[in-house]
Undergrad: 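Got a structure for you, questions after.
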Amino acid sequence: MQEFFNRVKALKIPYNDVELNVTISVGVSSLHRTDHNPLDFYKRVDSHLYRSKKMGRQQITLE
């Protein structure tokens, strides 16, 4: 997985007059019986995603 993160980070994406750099951060969760609607799941996944970013990016945060 680290090799994948590194390859994406090494990409240089030209956009107009600048070069964009990209990193990957991932949040993972599963559906819970207590989820009342898709937004319950989405909020949990989003929270894990931001935890990955806070921990230095190029991370996968699992529930």
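The analysis underlying the following values was restricted to heavy atoms, covering all of them including side chains, and did not include hydrogens, waters or symmetry mates.
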Undergrad: Hey, could you give me the CG/CG distance between Asp40 and Asp35, rounded to the nearest 0.5 Å?
TA: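 Asp40 CG to Asp35 CG: 5.0 Å, rounded to 0.5 Å.
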Undergrad: Considering all heavy atoms of both residues, which atom of His32 and which atom of Ser29 are nearest to each other, and what is their separation?
TA: NE2-OG, 4.5 Å
Undergrad: Roughly how far apart are Phe4 CZ and Lys9 NZ, rounded to 0.5 Å?
TA: 14.5 Å
Undergrad: Strictly by modelled atom types, are Ser25 and Ser52 linked by a side-chain donor-acceptor pair under 3.5 Å?
TA: no
Undergrad: What's the separation between atom CZ in Arg57 and atom CZ in Phe5, rounded to the nearest 0.5 Å?
TA: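 The distance works out to 12.5 Å.
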Undergrad: How close do Leu49 and Val26 get, counting heavy atoms only, and between which atoms?
TA: CD1-N, 4.0 Å
Undergrad: What distance do Arg51 atom CZ and Glu63 atom CD have between them, rounded to the nearest 0.5 Å?
TA: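 Interatomic distance, Arg51 CZ to Glu63 CD, rounded to 0.5 Å: 9.5 Å.
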Undergrad: Please test Ile60 against Val28 for side chain to side chain contact (heavy atoms under 4.5 Å, CB included), starting from the C-alpha separation and ending with a verdict.
TA: CA-CA 7 Å; Ile60 299 173; Val28 179; 4.0 Å; yes
Undergrad: Answer with yes or no whether the hydrophobic clustering places Phe41 together with Leu62; edges join I, L, V, M, F, W, Y residues whose side-chain heavy atoms lie under 4.5 Å apart.
TA: no
Undergrad: Return the set of residues passing salt bridge (Lys or Arg N to Asp or Glu O under 4.0 Å) with Glu3 (not counting sequence neighbours), or none when no residue passes.
TA: Arg7
Undergrad: Do the side chains of Gln2 and Gln58 get nearer than 4.5 Å, heavy atoms only?
TA: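 A side-chain contact exists here, since the closest heavy-atom pair is under 4.5 Å.
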Undergrad: Taking all atoms of both residues into account, what is the closest heavy-atom pair of Gly27 and His48, and its distance?
TA: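 Taking every non-hydrogen atom into account, CA-CB, 3.6 Å.
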Undergrad: Of all residues at least two apart in sequence or in a different chain, which pass the side-chain contact (heavy atoms from CB on, under 4.5 Å) check with Lys54?
TA: none
Undergrad: Ignoring hydrogens, what is the shortest heavy-atom contact between Val8 and Ile24? Give both atom names and the distance.
TA: CG2-CD1, 3.6 Å
Undergrad: Using side-chain heavy atoms (C-beta onward) and a distance below 4.5 Å, is Asn21 in contact with Lys12?
TA: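 When only atoms from C-beta onward are counted, Lys12 and Asn21 do touch, with a gap below 4.5 Å.
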Undergrad: Quick one: closest heavy-atom pair of Arg44 and Leu31, and the distance?
TA: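 Nearest heavy atoms, Arg44 then Leu31: NH2-CA, 4.2 Å.
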